[in-house]
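Step one of this worksheet: look at the structure below.
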There are 2 protein chains.
Amino acid sequence: MTRQARAATLKDVAEAAEVSISTVSRVFSSPGRISPETSRRVREVARRLRFTPNVMARSLITGTSPNIGLVVPDISNPYMTSLLKAAQKVSRLHSTGVFVADTDDSADIERQVCEQLAQQSRGVILCAPRMSTSHIREISRIVPIVLVNRVVDGIPSFSTDSRAAMRELLDDLVDQGHRRIAYLPGPAGSWANKQRARTVVDRARALGIDLVRLDPTTGMHADGVAAAGKVLELDVTAVMAFDDVLAAGLVEGLRRLGRSVPDDVSVTGHDDILSELVHPGLTTVTGQSARIGQLAVARLLDASGSDEAVGVKAVVVRRSSTGRPRSHPA
Amino acid sequence: MTRQARAATLKDVAEAAEVSISTVSRVFSSPGRISPETSRRVREVARRLRFTPNVMARSLITGTSPNIGLVVPDISNPYMTSLLKAAQKVSRLHSTGVFVADTDDSADIERQVCEQLAQQSRGVILCAPRMSTSHIREISRIVPIVLVNRVVDGIPSFSTDSRAAMRELLDDLVDQGHRRIAYLPGPAGSWANKQRARTVVDRARALGIDLVRLDPTTGMHADGVAAAGKVLELDVTAVMAFDDVLAAGLVEGLRRLGRSVPDDVSVTGHDDILSELVHPGLTTVTGQSARIGQLAVARLLDASGSDEAVGVKAVVVRRSSTGRPRSHPA
DNA sequence: ATAATCTGTGCAAACCTTTGCCAAAGGATG
DNA sequence: CATCCTTTGGCAAAGGTTTGCACAGATTAT
């Protein structure tokens, strides 16, 4: 690792262009203020010297920084990957760097990481499904935050609003003849999990069908696999899973027990993120993670936005993991 | 987004503790220099005032920054996700932030992003399989870099060394009776792809069996699906894919054509990263991405490391996507 | 006793930028 | 010709930290 050459500073440019430091600074930061002629000359010199303004010095004096943070419980979840990718793309267009912090779902780490990021970021996109509301408020005092898939009063947020889509999914299943359906929950304390469970339970009650709630899981693929036995035991013909990861696990678990999807059991997911990898293709609901990533960055970069909670409508994607139950052939 | 309160500075602490600014600074940065008594008092005050040193100011004067960058062509590839997760974990232990930049495999963006990151990072972990060597050298003049899965003379790097493992995989296939095997390549210009192709071709020649090389792909799942037709046409009994993503695609493509794995065709992957999601479980080779992530961060954080290229040995993972060909029943 | 050495602390410069304020020059207006 | 305004550019302070140097007091050696 060779020592990098010292970068050119405003001073170097000023000397070479025979103007004062402030003039050079203004050429870049307040365009109208300097005559076209001077401006041209300065830019020319700056280019020749490969001058780029020192981010640290600028941040120090302006009190802001050209970065944002993304704090997530588990970056290996494809939903987050997709969100990150989109967030990063928008940020790049604004010459804004993106810090990523994976907290392994630990509240301590979340706090620690947010503090660390606070100084170097304009704000952080916080995805913390299980964190307590008070903890979130506390963090929002340290650094501006935008929440993802979580609604807290007075803090801007973007969430997938899949309520309508999940009702539609449930209606579909009922139309196909399913009368006894299970919900396979995600992580116990997760805000989104509560939302989804409630939506499904309410709809089932309205439709007058049986909906059984399986035991809470940690949201891992293995939990889905493990849930297969219980599913068969409960004698349901369809399972709506918290997300695609669990759904994929369940499909695998059922297969291991010699059952097939959708012939023996129909399975639905959430997020539409594993669609291409599993077989049969999952009937699911779009998670809109990319869109949410975009919006969150835009909100963070534009301080004038409101603090409201915006929901991004999910839509149903019908694939081949759902079908008529054996008891109701077409 | 409410305005954040002004953070306490060295000056605030110094006044409250009735010592000079430099004393406070030294309490934190050069421990031995200050008497235990003063040190204790200062720390006490600092804690009470919730003082945290201003990163920008510190970086400005020391000329280093507490961050590193990770530049990858596509963060949605699980190999990278896993590397990122590991890198991030190690970094956190060193209170080091991690910038992530997804370049969509564009050389322009790579360059741009590295320049942007240069000022705010101690160095960057660069994963750029297709970038030209000269371009890489150029970037290494702007900012210290560590390469991943790519070897360039004079630049430190960490790569999965799967040559022995891939030979073992091929030997396995031959032992099982396969005599005509295909290699499904990854992205055309990729350094790792060349390595793997060469390793397999050489070994096949040594063993005296047929090895046919399929057309280059872009490395997407869809390419794997699309390759299925060609595979059947070529009449091979086994396919070694560049990575798990392609392998999974191929399995899916074969299924769509009514063939089963491994009964009709055996398939192997690389990276061991999709193992749990696809069926049948992929016989593959560990990509060691987490290990490489760790090592790369450690190398970047410890300037005393050497510039050598280190290979991390991969190991074979036997699952159920390989087996005896129809023509050679057990 | 004095000189030499250590220890603990403070002063002030430096890092590089942004920006409020001021001055000079030139033009327009009366 | 005096006054005022506009345009352009410079000066210097500020932002929070690190660190070389100096200095005072205490401790040890001579």
Side-chain angles (χ1 to χ4, degrees), chain A residues 3-43 45-46 49-67 95 115-116 118-122, chain B residues 3-43 45-46 49-67 95 115-116 118-122:
Chain A
R3 190 103 205 108
Q4 317 300 318
R6 191 180 74 85
T9 70
L10 274 186
K11 193 174 166 201
D12 300 326
V13 178
E15 279 167 12
E18 301 184 310
V19 291
S20 80
I21 291 181
S22 27
T23 302
V24 181
S25 171
R26 279 193 266 255
V27 165
F28 296 105
S29 49
S30 17
R33 199 79 170 58
I34 302 294
S35 74
E37 159 57 15
T38 311
S39 178
R40 203 197 46 69
R41 197 173 78 244
V42 169
R43 281 178 194 283
V45 173
L49 263 44
R50 283 177 168 44
F51 167 77
T52 44
N54 182 310
V55 177
M56 302 296 178
R58 171 180 283 176
S59 298
L60 180 57
I61 195 160
T62 60
T64 71
S65 110
N67 306 316
S95 307
E115 278 181 2
Q116 190 198 336
Q119 292 197 347
Q120 291 190 84
S121 312
R122 268 167 112 96
Chain B
R3 193 102 204 107
Q4 317 300 317
R6 189 179 75 84
T9 71
L10 273 186
K11 194 175 164 198
D12 300 327
V13 178
E15 279 167 10
E18 300 183 312
V19 291
S20 79
I21 291 181
S22 28
T23 301
V24 181
S25 171
R26 278 193 266 256
V27 166
F28 297 105
S29 49
S30 20
R33 293 276 273 109
I34 301 295
S35 74
E37 158 57 14
T38 312
S39 178
R40 203 197 47 69
R41 197 172 78 242
V42 169
R43 282 177 193 282
V45 173
L49 263 43
R50 283 175 168 46
F51 167 76
T52 44
N54 183 310
V55 178
M56 303 294 178
R58 171 179 285 176
S59 299
L60 179 58
I61 195 158
T62 59
T64 71
S65 107
N67 306 315
S95 307
E115 278 181 3
Q116 190 197 335
Q119 292 198 347
Q120 291 189 86
S121 314
R122 265 167 115 96

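Chain A is the first sequence line, chain B the second, and so forth, proteins listed ahead of strands; every chain is numbered from 1. None of these values were measured; they are calculated from a predicted model.
Between the side chain of B:Q119 and the backbone N or O of B:S65 there is no donor-acceptor pair closer than 3.5 Å. Using a distance-only test at 3.5 Å, with no hydrogens or angles considered, a donor-acceptor pair links the side chain of B:S29 to the main chain of B:S25. Looking at A:Q120, its side chain never comes within 3.5 Å of a backbone N or O of A:N67 through a donor-acceptor pair. No donor-acceptor pair under 3.5 Å is formed between the side chain of A:R26 and the backbone N or O of A:I34.
Taking only side-chain nitrogens and oxygens, B:R33 never comes nearer than 4.0 Å to OP1 or OP2 of C:dG8. The shortest distance between the side-chain N/O atoms of A:T23 and the OP1/OP2 oxygens of D:dG9 is not below 4.0 Å. For A:S35, a side-chain nitrogen or oxygen approaches OP1 or OP2 of D:dG9 to under 4.0 Å. Within the 4.0 Å cut-off from OP1 or OP2 of D:dG16, not a single side-chain nitrogen or oxygen of B:T9 is found. OP1 or OP2 of D:dG9 lies within a sub-4.0 Å distance of a side-chain N or O belonging to A:T38.
Taking atom CE on A:M56 and atom P on C:dT18, their separation rounds to 14 Å, with Å as the unit. With rounding to whole Å, A:F28 atom CZ is found 10 Å from C:dT17 atom P. For A:K11 and D:dG10, the NZ to P distance is 15 Å, given to the nearest whole Å. Atom pair B:R58:CZ and C:dC15:C1' shows a separation of 14 Å (rounding to whole Å applied). Rounded to an integer number of Å, the gap from A:E15 CD to D:dG10 P is 13 Å. In this entry the distance linking CD1 of B:I34 with C1' of C:dT7 reads 10 Å, nearest Å. In this entry the distance linking CG of B:L10 with C1' of C:dC11 reads 15 Å, nearest Å. In this structure, B:N54 places its CG atom 7 Å from P of D:dG16, rounding to the nearest Å.
Scanning atom types as modelled, one donor and one acceptor separated by under 3.5 angstrom connect the side chain of B:R26 and the base of C:dG10.
When heavy atoms are screened at a 4.0 angstrom cut-off, A:S25 is found touching base atoms of the nucleic acid. As judged by a 4.0 angstrom heavy-atom cut-off over every strand, B:F51 is placed among residues touching the sugar-phosphate backbone only.
DNA chain D is contacted by both A:L60 and A:S22; A:S22 maps to the nucleotide lying nearer its 5′ end (nearest heavy atom per residue).
We find the CG-CZ distance between B:L60 and A:R58 to be 13.0 Å, quoted to the nearest 0.5 Å.
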